[in-house]
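These notes concern the structure reproduced below.
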Amino acid sequence: MDTETVWRTSLEKVRPEIPEYMFASMIVPLQMLSLDNGTCTVGAPNSFTKDIVASRYAALLSEAVSDVLGRAATVVVTVVESADAPGADYASADSPRRDTGDGPGLIDPGNSGAQKRYTFENFVVGDSNKFAYHAALMVGEFPGQKFNPLFIYGGTGLGKTHLLLAIKDYAEKTPNIKVKYVQTSSFIDEFIATLTQKRDKASFDQKYINNKIVLFDDVQALSSTDATQDKFFDLFNLLYASNSHIVLSSDRPPSEIPRLSDRIRSRFEGGLRVDIMPPDLETRLAILKMKAHADGVEVPDDALRFIASKVKDNIRSLEGLLNRVVASAVLYRTRIDLEMVQDVLKDQVAETALSRVPPVELIQNTVSDYYKILNAELVGKSRSRPLVHARQVAMYLCREMTDATLISIGGRFGGRDHTTVLHSCRKVEGLIKTKRDTFEEVTELTNMINRSL
Ligand code: ADP
Ligand code: MG
């Protein structure tokens, strides 16, 4: 048996033991270099792959090669310079697909409310996000070792929170590893509460220290609060000194966060900074495919391509369009094909570099007019049913159509808490899928808003 065949056969043996996305991104790029005296040397395209394979899969691979050869063999991994351009070795865009086992073609609206899991496995890797993905995976695998802090930045809806939660999900599989995830705005709120309510400060710190990884999402929120910057700085230093891995996400690079103290900025710039760019068409397509599959719906390629052409720089909006198509298919009991998708999305303005995001006021005015209520009522305190409904729809549209964060939307609706906004969005998402009236209201409102731009 030639070495090539030995290697291929061994790979087939280990394949079922390794998660598909890891197999595609870490194992497939390996080459068998030599096999002598029971030592099987394989080449990895970079040290990142080498480290992961050596720590996780070398034993498994050794066992498989031994099995195939019929005598003991040990797999040793080294780095080989690859002739390909950097990045050529990354997982192909559609490899990390999760097999949910759902039969295709069946649309089950009851399924759609299920909480989405944010994992590396269901994160589609493309050119736009591969550096962020690999850096995040590295932290999940080897917390506290390289790239501390890791700073991930990129526009809204491009997967920052997804990656942070994937680190948590992944790292927590290792026994005794504790991971803390926090929205920076909640961190600030909580800290202010400890000051004003004279709560125990030590127990505040305790929630953060003693974690191997601490993930601060949306650290641009620090810009508005001078007092908490000092607190954050101290905590950062404490964590760093105790070798906790600190991961930060932001909608912009550290240099562009306004009113950030120089000392915090230089901490943010001290480790590795990676950006996430808007995804290219193929990546958008792969994301839609994975989502359709997870939702248990079958959507032909040309229809997916049409949806992918409508949104370029926000994956949340992209998913929103697919949701709209699926909702319509469920409500009207139609098959999803290109014609149907074109019809459902006919008034969806294709995003271009020039396309405009509607201002929150425009959404509020349109919604108030539509439901024949006053703007003051829309953002006011009344809990009367029609007002609550209009308010929830308006918040949902702000979330879907603008870049505004939950916090800022809450602010624009009479200073409501971001959890209220999130609740409203979830509520309306659910209604769209189950109530034809709401579906039609939201479709009509979206079109009205788009036409006013
Ligand atoms: P951000 O935090 O950058 O605003 P999120 O992490 O909330 O963005 O992502 C928005 C939505 O897009 C989420 O539902 C997320 O799962 C999805 N998403 C983003 N990037 C990817 C990706 N590469 N693969 C699959 N889903 C993605
Ligand atoms: Mg986020």
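Both ligands and their constituent atoms are indexed starting at 1 by order of listing. Here, residue 1 is the first one in the sequence, and each next residue gets the next number.
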Out of D218, V124, D251, who gets a non-hydrogen atom closest to atom 24 (N) of ligand 1? V124

Specify whether Y153 and F151 have parallel, tilted or perpendicular ring planes, treating 30° as the upper limit for parallel and 60° as the lower limit for perpendicular. tilted

Would you call the rings of F216 and Y208 parallel, tilted or perpendicular if under 30° counts as parallel and over 60° as perpendicular? parallel

Quick check: does L158 get an N/O under 3.5 Å from an N/O on ligand 1? yes

Testing F123, Y133, Y181 for ring pair (Phe, Tyr, Trp, His ring centres under 6.0 Å) with H162, which one passes? F123

Measure the shortest side-chain to side-chain distance between K168 and L164 over non-hydrogen atoms and say whether it is less than 4.5 angstrom. no

For ligand 1, is any non-hydrogen atom under 4.0 Å from [X]'s backbone (N, CA, C, O), its side chain (CB onward), both, or neither?
| X | result |
| --- | --- |
| N129 | side chain |
| I287 | side chain |
| K291 | neither |

Is R263 close enough and on-axis enough to F233, meaning under 6.0 Å and within 45°, for cation-pi? yes

Need the ligand 1 atom indices (1-based, order shown) with element for anything under 4.0 Å from a heavy-atom of [X].
| X | value |
| --- | --- |
| M290 | 25 (C) |
| G155 | 3 (O) |
| N122 | 24 (N), 25 (C) |
| T156 | 4 (O) |

If we only consider heavy atoms of V125, is any one of them less than 4.0 Å away from an atom in ligand 1? no

With the threshold set at under 4.0 angstrom, would you say S249 reaches ligand 1 through any of its heavy atoms? no

Note: R316-E319 ion pair, threshold 4.0 Å (strictly below): no

Tell me whether K289 is salt-bridged to D301, with the criterion being a basic N under 4.0 Å from an acidic carboxylate O. yes

What's the shortest heavy-atom distance between F236 and I246, and which atoms? O-CD1, 3.7 Å

N, O or S atom of T156 closer to the Mg ion (ligand 2) than 2.8 Å: no

